[in-house]
**Student:** 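This is the structure, below, for whatever I ask next.
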Amino acid sequence: MSDKIVLTLPDGKSVEHPAGIIALDAARAIGPKLAEAAIAAKLDGQFIDLRATIPHSGKLEIVTLKSPDAAEVYRHSMAHILAEAVRKLFPDAQFGIGPTIENGFYYDFLLSRSLTTEDLEIVEKEMKAIIAAKEPFSYALLTKAEAMETFRKLNQPLKLELIGEIPDEKVSVYTQGEFADLCRGPHLPHSGVIKHFKLLSVAGAYWRGDEKKPMLQRIYGTAFATKEELDAYMNMLEEAKKRDHRKLGKELDLFSVHEEVGPGLVFWHPKGARIRHIIESFWKEQHFRNGYEMVYTPHIGRAWLWETSGHLGFYKDSMYSPMKIDEFDYFIKPMNCPFHIMIYKTQNRSYRDLPLRWAELGTVYRYEKSGVLHGLLRVRGFTQDDAHILCTPEQIESEISEVLRFSLSIWRAFGFEKVKAYLATRPEKAVGEPTRWDQAIESLKRAVDKEGLECEIDEGGGAFYGPKIDLKIKDAIGREWQMTTIQFDFNEPERFDMTYIGADGEKHRPYMVHRALLGSLERFFGVLLEHHGGAMPTWLAPVQVIILPISDKHIDYAKKVEDGFRRAGIRVNTDFRSDKIGYKIRAAQLMKIPFMVVLGDEEANAGTITVRKRSGENMPGLSLEAFVKGEEWKKESC
RNA sequence: GCCGGCGUAGCUCAGUGGUAGAGCAGCUGAUUCGUAAUCAGCAGGUCGUAGGUUCAAUCCCUAUCGCCGGCUCCA
């Protein structure tokens, strides 16, 4: 072992230090100010604690509060502060884990009683005291036996379980104040560095995420380096609440769900249905233009079909119980694919017939556990914008490329520009020849590259029957939603013995790709609503224009104008109530109607209209024709 | 499914061991008005459901259904 290590700094310079130097001293050697600002270090991209010895040569980076990685460090420390506070309030508490997550942190506890939201305030107060005390985080590297002894004394069986599973010889233990915790670190120098935090919620969570293990109580919180950032985050949460599609659905009279009928079953009201109709029409037109054919298939099918497809074997628990018809068991469909396969098998297919692209807005029903239902985002009956592509091995790459390209064009049309891909590869248990898997994964990768999409690879995350690409979109307030899925299927073509005759006159197995672009119409509608905050772009708005007569004197003129809009193919309503104009505007504004047309003496006399946009901006004295042909309308309505 | 919370009028919510209230929306009337709420009146609820405790339950207890926040799951 060498007695020196060489550290490369971010500016490219290399420095030499004696082996055994701690990160803080390495920082000090760079500059005393940096050492003061430092909260952690990174060696070759891995976090290490300032108090830890630098184990080997490599690229060294000093993390300060201004670093992009800083949040990970201080939120983790905040989780420890949370745990310390809980320990003070519940001396017999047992501690689970307390990691950082996107936008925050949590800690899991086993407590003698259930926490309430009132408890959060008490815990927060305790945390503030710990922050004010500026307790140093002390760092110790212990052997596993020593650590076991420590946590046995502290009566922390959950920690013992964790230590038992760590492969390393030594483990690090951090202590601040009265609280010691097994932890990889790194941590802040002391508990007073970050003051801007908020505890957000309490929830149950299985120990180690295993539903067979006991349920712990989890406290979620968030923390930021500055008050401004914390406020901005809290505002974002507020904004998300305002945009909640369940709330908007009620306010805008778009959809409902009824306990008497069944949870997770959606009723589309006229305005919601109108939006859905526009989405569906657009979707169908786009599919025809992009080389798809439509098919329609039944809602139920005999057990034979689901036995053959394998669904009864793999997903019986989430399929609705069969109904008996003429002595046969019929199941409500949880997927459309077996039906599309039946169509495929009505003929001998030639390689000349391929690719086949068959799309269907297919309504399926799946039994989802009661606790997972959520507005329109997780339901039991939903319509997939499904399609199946059947092609030869030679065609697969261009087909995948084409699906991706098509998908992105659809997302842009609906106003989503930020899309990210997630590629899931072969899991341990998988059907299908490995060469097919490899080819499929390669073509997925190349397609993603070709579209210049950012892509994360989920190694081993594919379904047993094939690899897949999922697309996540980012909404107006920065939240990601998983929507599109493009999945290979090596299972069903086999099970249904699908074939085509190749140029060689021999039978071959076609490739089968399932894809849903929007996912389900219900879920997509929910996301779309939240993205737009209910203020749908004009082309999707159920009511595009509302006519607001100033007084009853103007009703005749209003009717005339309404008729003009209707003949121009515009979705128009008139508010005939004898209320004041302010009242009508408020009502229209709350319904988020894109254009209000205010009609009074001025307009009736001149034969014009005054348009008030949803933004509040006014466009006075236009003719109806000029407005409908004008930029404003065009910009908003297509 | 699991943990915790919640369930009162169409909506948002107040309330109490002695069988219920407000605002908005709705309806009727008056008002005829120029850019986010005109005034008045009327009507509207077996307090999620089923048991139990009690002289008496919307309130306390139990079960159940649903919703909400998470966990697990999501072909």
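Convention: sequence-line order gives letters A, B, ...; per-chain numbering from 1.
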**Student:** Please state whether the phosphate of B:G1, meaning OP1 or OP2, lies under 4.0 angstrom from any side-chain nitrogen or oxygen of A:Tyr367.
**Tutor:** yes
**Student:** Going by atom types alone, do A:Glu459 and A:Thr425 pair a side-chain donor with an acceptor below 3.5 Å?
**Tutor:**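 Indeed, the side chains of A:Glu459 and A:Thr425 share at least one donor-acceptor pair under 3.5 Å.
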**Student:** Using only side-chain N and O atoms of A:Arg246, determine if any of them is under 4.0 Å from OP1 or OP2 of B:G69.
**Tutor:**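 Checking B:G69 against A:Arg246, a side-chain N or O does come within under 4.0 Å of OP1 or OP2.
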**Student:** Out of B:U32, B:C73, B:G34, which nucleotide sits closest to the side chain of A:Val372?
**Tutor:** B:C73
**Student:** If you look at every strand shown and take non-hydrogen atoms under 4.0 Å, does A:Lys250 touch a base, only sugar-phosphate, or nothing?
**Tutor:** sugar-phosphate
**Student:** Searching all strands shown, indicate the nucleotide that pairs with B:A57 (Watson-Crick or G-U wobble; both distances under 3.5 Å).
**Tutor:**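 When the pairing criteria are applied, nothing turns out to pair with B:A57, so the answer is none.
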**Student:** Assign A:Phe464 to base, sugar-phosphate, or nothing according to its heavy-atom contacts below 4.0 angstrom with the strands shown.
**Tutor:** nothing
**Student:** With both distances under 3.5 angstrom, what nucleotide forms a Watson-Crick or G-U wobble pair with B:G34?
**Tutor:**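 Pairing partner, where one exists within any strand: none, as none qualifies.
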**Student:** Base, sugar-phosphate, or nothing for A:Ser318, non-hydrogen atoms under 4.0 angstrom?
**Tutor:**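 If one applies the 4.0 Å heavy-atom cut-off, A:Ser318 turns out to touch a base.
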**Student:** Mind calculating the distance between CG (A:Asp244) and P (B:U12) to the nearest angstrom?
**Tutor:** 12 Å
**Student:** Please determine if a side-chain N or O atom of A:Tyr583 lies less than 4.0 Å away from the OP1 or OP2 oxygen of B:G34.
**Tutor:** no
**Student:** Taking atom P in both B:C59 and B:C42, compute the distance separating them and give it to the nearest angstrom.
**Tutor:** 31 Å
**Student:** I'd like to know if A:Glu399 and A:Arg357 make a salt bridge, using a cut-off of under 4.0 Å between side-chain N and carboxylate O.
**Tutor:**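 So A:Glu399 pairs with A:Arg357 through a salt bridge.
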**Student:** Report yes if a donor N or O on one partner sits less than 3.5 Å from an acceptor N or O on the other, where the partners are the side chain of A:Gln217 and the base of B:G70; otherwise report no.
**Tutor:** no
**Student:** Do any side-chain nitrogens or oxygens of A:Arg380 fall under 4.0 Å of OP1 or OP2 in B:C74?
**Tutor:**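 Looking at the OP1 and OP2 atoms of B:C74, neither is under 4.0 Å from any side-chain N or O of A:Arg380.
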**Student:** Write down the partner of B:G7 under the Watson-Crick or G-U wobble criteria, each distance required to be under 3.5 Å.
**Tutor:** B:C65
**Student:** Hey, does A:Ala205 reach any base, or is it just sugar-phosphate, or nothing, if we go heavy atoms under 4.0 Å?
**Tutor:** sugar-phosphate
**Student:** If you apply the rule side-chain contact (heavy atoms from CB on, under 4.5 Å), what do you find for A:Lys553 with A:Asp601, and how did you get there?
**Tutor:** CA-CA 8 Å; A:Lys553 282 188 297 193; A:Asp601 286 338; 3.9 Å; yes
**Student:** Can you find a side chain N or O atom of A:His374 that sits less than 4.0 Å from OP1 or OP2 on B:C67?
**Tutor:**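 Checking B:C67 against A:His374, no side-chain N or O comes under 4.0 Å of OP1 or OP2.
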**Student:** Using atom C1' of each nucleotide, how far apart are B:G10 and B:U64 to the nearest Å?
**Tutor:**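 Their C1' atoms lie roughly 26 Å apart.
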**Student:** Determine: side-chain N/O of A:Lys553 to OP1/OP2 of B:C33, distance under 4.0 Å, yes or no.
**Tutor:** yes
**Student:** Expressed in whole Å, how much space separates the P atoms belonging to B:C39 and B:G23?
**Tutor:**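 Those two atoms are separated by 12 Å.
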**Student:** Remember a base hit wins even if backbone is also touched, and classify A:Glu603 as base, sugar-phosphate or nothing at under 4.0 Å, heavy atoms.
**Tutor:** base
**Student:** In whole Å, what separates the C1' atom of B:C47 from that of B:U58?
**Tutor:**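 To the nearest whole Å, 4 Å.
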**Student:** Could you tell me how far B:G15 sits from B:C2 if I compare only their P atoms? Round to whole Å.
**Tutor:** 32 Å
**Student:** Does A:His311 reach a base, just sugar-phosphate, or nothing at all? Heavy atoms under 4.0 Å.
**Tutor:** base
**Student:** Could you give the distance separating B:G21 and B:A9 at their C1' atoms, to the nearest angstrom?
**Tutor:** 10 Å
**Student:** For A:Thr116, report the nucleic acid contact type (base, sugar-phosphate, nothing); a contact means any heavy atom under 4.0 Å.
**Tutor:**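 No contact at all - A:Thr116 keeps every heavy atom at 4.0 Å or more from the nucleic acid.
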**Student:** Give me the distance, rounded to whole Å, that separates B:C13 from B:G70 when you measure between the C1' atoms they each carry.
**Tutor:** 26 Å
**Student:** With sugar-phosphate meaning primed atoms plus P, OP1 and OP2, does A:Ser578 contact a base, only sugar-phosphate, or nothing at under 4.0 Å between heavy atoms?
**Tutor:**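 Base contact.
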**Student:** Rounding to a whole Å, what distance do you find between A:Asp579:CG and B:G26:C1'?
**Tutor:**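 One finds 13 Å between C1' of B:G26 and CG of A:Asp579, rounded.
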**Student:** Rounding to an integer number of Å, can you tell me how far A:His269 NE2 sits from B:C11 P?
**Tutor:**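 Computing the A:His269:NE2 to B:C11:P distance gives 11 Å.
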**Student:** Between the side-chain atoms of A:Arg378 and the base atoms of B:C73, is any donor-acceptor pair under 3.5 Å?
**Tutor:**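 Answer yes: a donor N or O sits under 3.5 Å from an acceptor.
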**Student:** Give the intermediate values and the outcome of side-chain contact (heavy atoms from CB on, under 4.5 Å) for residues A:Phe525 and A:Trp268.
**Tutor:** CA-CA 11 Å; A:Phe525 187 65; A:Trp268 295 72; 3.7 Å; yes
**Student:** Assign A:Ile585 to base, sugar-phosphate, or nothing according to its heavy-atom contacts below 4.0 angstrom with the strands shown.
**Tutor:** base
**Student:** Describe the nucleic acid contact of A:Gly582 in one word from base, sugar-phosphate, nothing, applying a heavy-atom distance below 4.0 Å.
**Tutor:** sugar-phosphate
**Student:** Could you work out the separation of B:A57 and B:U8 based on their C1' atoms and round it to a whole Å?
**Tutor:** 14 Å
**Student:** So what does A:Lys580 hit on the nucleic acid, given a heavy-atom distance under 4.0 Å: a base, only sugar-phosphate, or nothing?
**Tutor:**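 The answer is base, as A:Lys580 lies within the cut-off (heavy atoms under 4.0 Å) of a base atom.
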**Student:** Does A:Ser370 put a side-chain nitrogen or oxygen below 4.0 Å from OP1 or OP2 of B:G1?
**Tutor:** yes
**Student:** Within the 4.0 Å heavy-atom criterion, would you say A:Arg612 contacts the bases, only the backbone, or no part of the nucleic acid?
**Tutor:**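 The answer is base, as A:Arg612 lies within the cut-off (heavy atoms under 4.0 Å) of a base atom.
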**Student:** Mind checking if A:Gly600 touches a base, just sugar-phosphate, or nothing, with heavy atoms under 4.0 Å?
**Tutor:** base
**Student:** Give A:Arg577 one of three labels, base, sugar-phosphate or nothing, depending on what nucleic acid heavy atoms sit under 4.0 Å from its own.
**Tutor:** sugar-phosphate
